[in-house]
Novice: 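Got a structure for you, questions after.
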Amino acid sequence: MERLIDHPWDLTPTEARALQTRLAREVRLTPPPAEVRTIAGVDTGFEDGGRTARAAAVLMGWPDLEPVGHHIAREPTRMPYVPGLLSFRELPVVLAALEGLDTTPELVFCDGQGIAHPRRLGIAAHLGVITGLATIGVGKSRLVGSHEEPGRERGACTALMDGDERIGTVVRTRTGVRPLYVSPGHRCDIDGAVDWVLACCRGYRLPEPTRQADHLASRRGAFREG
DNA sequence: GCGACAG
DNA sequence: ATCTTGTCGC
């Protein structure tokens, strides 16, 4: 992956929210890419009590979902966690991790929301808009929106709504476990996001790209790396 | 004014 | 996210 456009990261919360509102207009909820050969998963972890941010990008082949490469990036953490502004804290190092991959994936799974965000620009949507990549947001918990509890069996889904607007899907990826909050990031639609997430689950709650990235971004992954 | 609040 | 071991439940 090559270098991208210049993007302002060190903004005040007010400036960041204004930028989110502008960037959200660039989000495209089109059907996901038809030709998918590689899928990437990205996730972020923190060291030194939060002073260092560490992002992992994992590349997997489709449809086998075998890992074909990965890259880990570390940078000083620039912002604290503020609900709704997660992407400004994590995307800089996530971009560095993605740039370390030697192949550009057709699809990227992000840990967090896509358009299921107060201003419709969760981390997955933000990443997609500034890179042009097709992205899907996979959240382990809810940021905004209301929904019914999905059935207990794997595959059960309910709509995630913000007022009259549908912003995603609550998906049970494994029977009896807490559901995931799935929403499109960029160049993907609501149904396509759910289809891809379920297609990438291999017996665990998290889809493989996210699960592998989680693993590498966690402490164990850092050791495995050196 | 009082909660809620991705990771 | 992170601090942290064993343990309760399916």
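Within every chain, numbering begins at 1; the chains are lettered A, B, ... in the order of the sequence lines, protein sequences first and strands thereafter.
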Novice: Do we get A:Arg89 above A:Tyr81's six-membered ring, with its NZ or CZ under 6.0 Å from the centre and within 45° of the axis?
Specialist: no

Novice: Does the aromatic ring of A:Tyr81 sit over the six-membered base ring of B:dG7, closer than 5.5 Å centre to centre and tilted less than 30°?
Specialist: yes

Novice: Using whole Å, what does the distance between atom P of nucleotide B:dA6 and atom CZ of A:Phe88 come to?
Specialist: 17 Å

Novice: What nucleotide, of B:dC5, B:dA6, C:dT2, holds the atom closest to the side chain of A:Arg54?
Specialist: C:dT2

Novice: Side-chain N or O of A:Arg142 versus OP1/OP2 of B:dC5: is the shortest distance under 4.0 Å?
Specialist: yes

Novice: What is the distance from CZ of A:Arg17 to P of B:dA6, rounded to the nearest Å?
Specialist: 14 Å

Novice: What's the verdict on salt bridge (charged side-chain N to carboxylate O under 4.0 Å, His left out) for A:Glu149 and A:Arg178, showing C-alpha distance, side-chain angles and the deciding distance?
Specialist: CA-CA 10 Å; A:Glu149 178 74 9; A:Arg178 278 191 304 152; over 6 Å; no

Novice: For A:Lys140 and B:dA6, give me the distance from atom NZ to atom P, rounded to whole Å.
Specialist: 11 Å

Novice: Report yes if at least one side-chain N or O of A:Ser141 is closer than 4.0 Å to OP1 or OP2 of B:dC5; otherwise report no.
Specialist: no

Novice: Roughly, in whole Å, what's the span from CZ in A:Arg89 to P in B:dG7?
Specialist: 13 Å

Novice: Can you tell me the distance, in whole Å, between the CZ atom of A:Arg51 and the P atom of C:dT2?
Specialist: 14 Å

Novice: Write down the distance between CG (A:Leu91) and P (B:dA6), rounded to a whole number of angstrom.
Specialist: 16 Å

Novice: For A:Gly50, which contact category applies under a 4.0 Å heavy-atom criterion: base, sugar-phosphate, or nothing?
Specialist: nothing

Novice: Output the rounded distance in Å from CG (A:Leu143) to C1' (B:dA6).
Specialist: 5 Å

Novice: Is a side-chain donor or acceptor of A:Asp64 paired with a backbone partner of A:Glu66 at a separation under 3.5 angstrom?
Specialist: yes

Novice: With sugar-phosphate meaning primed atoms plus P, OP1 and OP2, does A:Leu85 contact a base, only sugar-phosphate, or nothing at under 4.0 Å between heavy atoms?
Specialist: base

Novice: Cationic tip of A:Arg17 within the cone over A:Phe88's six-membered ring, i.e. under 6.0 Å and within 45° of the normal?
Specialist: no

Novice: Just the rounded figure in Å: distance from P of B:dG7 to NE2 of A:His126.
Specialist: 18 Å

Novice: A:Gly122 near the nucleic acid: base, sugar-phosphate alone, or nothing, with a heavy-atom cut-off under 4.0 Å?
Specialist: base

Novice: Among A:His186, A:His7, A:Arg120, A:Arg119, exactly one meets side-chain contact (heavy atoms from CB on, under 4.5 Å) together with A:Leu23. Which residue is that?
Specialist: A:His7

